[in-house]
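Each remark here refers to the structure printed beneath this line.
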Amino acid sequence: MPAGDKDKGTARYGRQRGLGRLRRANLKEGARSGGWERLPEDAEAFERLGDRERRTHAGERLLARFNRLVALGQFAEREGEAAEVCEVRPGRVVVRFADGREEPAAIRRALEKRISGVRNTLAVGDRVRVVREAQDLAIVGIEPRRNQLARSDAHNRALEHVLAANVDRLVVCAAVREPEFKPGFVDRALLMAAAHDVPALLVVTKRDLGDAAPWVELYRGLGYPCLAVDARCAEDPGVRALAALLAGAACVFAGQSGVGKSSLVNACFPGANARIGAVAEEGFGRHTTTAARSYVLPGGGRLIDTPGIRECVIRGLLPLDVALLFPDLARWQPLCRYRDCTHRQEPGCAVQAALARGEIAPTRYASYRSIIDEDLAEHAS
Ligand code: GDP
Ligand code: ZN
């Protein structure tokens, strides 16, 4: 696509986002992804790198396009009342007003018809304008999104399933034991966050059951904020630190069943689970339906529960994108002999060399390989 095409859409709504920004930075000056350090001795390697043909990540294109389309549909500035989308399930959207009142609302046809290519026009976290028409609430405008978490729809891969919009943080939870730590899940979730420009946080739970330090060290070393917690202890320093981080923020929790997400929410915000449970009869993280929902946390934050986050299968990225979004691989990428190196069997691969020297964790490389060989290969077919 022409270089300026996408920029037109996003320029009006703020800085360049996510992977597109990384790619451009990488193209222009060979900078490392996501604020990762660039060492002076690499200058020569960046020279060699030269220009690269890059396709644009589908997720970012979608966000830019969505924002363009909703902008076209913005009604005379402040028509209607402001509300946020707090529940999305097939055929049903619920909005929440500033005073906490919740009510079902229907999106105006003219607005909905403009937004295609997605499974769900609206996502939890969308800021909307609503007007009352007879008995019903109509959504007449949508604010441009700051960011979104999305994956391709499980049933129709041509469609994007937007899990949540305007997310402050993706909290990735993994236990030291019971269930055992799964680097593949953690690395996919962190990649998904990075590709969508959503800040991530890794929480290693059940630190009372084993040694969390190696994991904390590994991920902190990659530049991710990381906490070890014992969620059964409200005075746990990790729990307190997490509570402080989450105050006032809209967050999505990702983690396999049983890692302690509910316990963690309860430890951070005593009584929150009871309240959440009262709204969602199945309880937080328990439902098997396709509904996504947000809950107001004490202190004004939002907890977004979205079943789609449970299996983090990566699609719509190129192997090169994945390598750029893995800080530990991105570091070496410019030193590989071939600039389109996928770090598998290519000769002169700096990533393979770093792996052999122990400078890349085997679990990280294994995640990378499994993502490009399985998730992406499946997508391509
Ligand atoms: P979720 O499925 O991720 O919401 O996990 P839960 O919060 O329901 O926790 C699953 C089980 O792990 C429960 O029996 C909890 O009591 C237990 N659990 C949660 N956090 C911890 C922890 O930090 N340490 C220990 N030992 N057990 C925990
Ligand atoms: Zn390589």
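Computed from a predicted structure; not experimentally measured. In listed order, ligands and their atoms are each counted from 1. In this chain, residues are counted from 1 in sequence order.
- Taking a cut-off of under 4.0 Å to the non-hydrogen atoms of L209, the atoms of ligand 1 that pass are 26 (N).
- For the pair F269 and L246, the minimum side-chain heavy-atom distance is below 4.5 Å.
- In this structure, R357 is positioned above the aromatic face of W332, its NZ or CZ under 6.0 Å from the six-membered ring centre and within 45° of the axis.
- Within ligand 1, the atoms closer than 4.0 Å to a non-hydrogen atom of V259 are 3 (O), 5 (O), numbered from 1 in the order shown.
- Aromatic ring pairs are classed by plane angle as parallel below 30°, tilted from 30° to 60° and perpendicular above 60°; the pair Y368 and F326 is perpendicular.
- By heavy-atom distance, the residue among V229, D208, L264 lying nearest atom 24 (N) of ligand 1 is D208.
- Note: no N/O pair closer than 3.5 Å links T205 and ligand 1 by distance alone.
- Inspection of the R369 and Y365 side chains reveals an N or O donor paired with an N or O acceptor under 3.5 Å.
- Using a 4.0 Å cutoff on heavy atoms, G258 counts as a contact of ligand 1.
- At most 12 heavy atoms of other shown residues, nucleotides or ligands fall within 6.0 angstrom of atom CZ in R109.
- The Zn ion (ligand 2) is the vertex of the angle joining SG of C336 and SG of C341, which measures 110° to the nearest 10°.
- The contact set between ligand 1 and A231, taken as ligand atoms under 4.0 Å from a residue heavy atom, comprises 20 (N), 22 (C), 23 (O).
- Among A212, S263, C233, P179, the residue whose heavy atom lies nearest to atom 7 (O) of ligand 1 is S263.
- Using a 4.0 Å cut-off between charged side-chain N and carboxylate O, D168 and R146 make a salt bridge.
- Counted within 6.0 Å of CD on E217, heavy atoms from surrounding residues, nucleotides or ligands total 12 or fewer; the atom is thus considered open.
- The atom of H343 nearest to the Zn ion (ligand 2) is ND1, with the search restricted to N, O or S atoms.
- Below 4.0 Å from some heavy atom of D230 lie the following atoms of ligand 1, by number and element: 22 (C), 23 (O), 24 (N).
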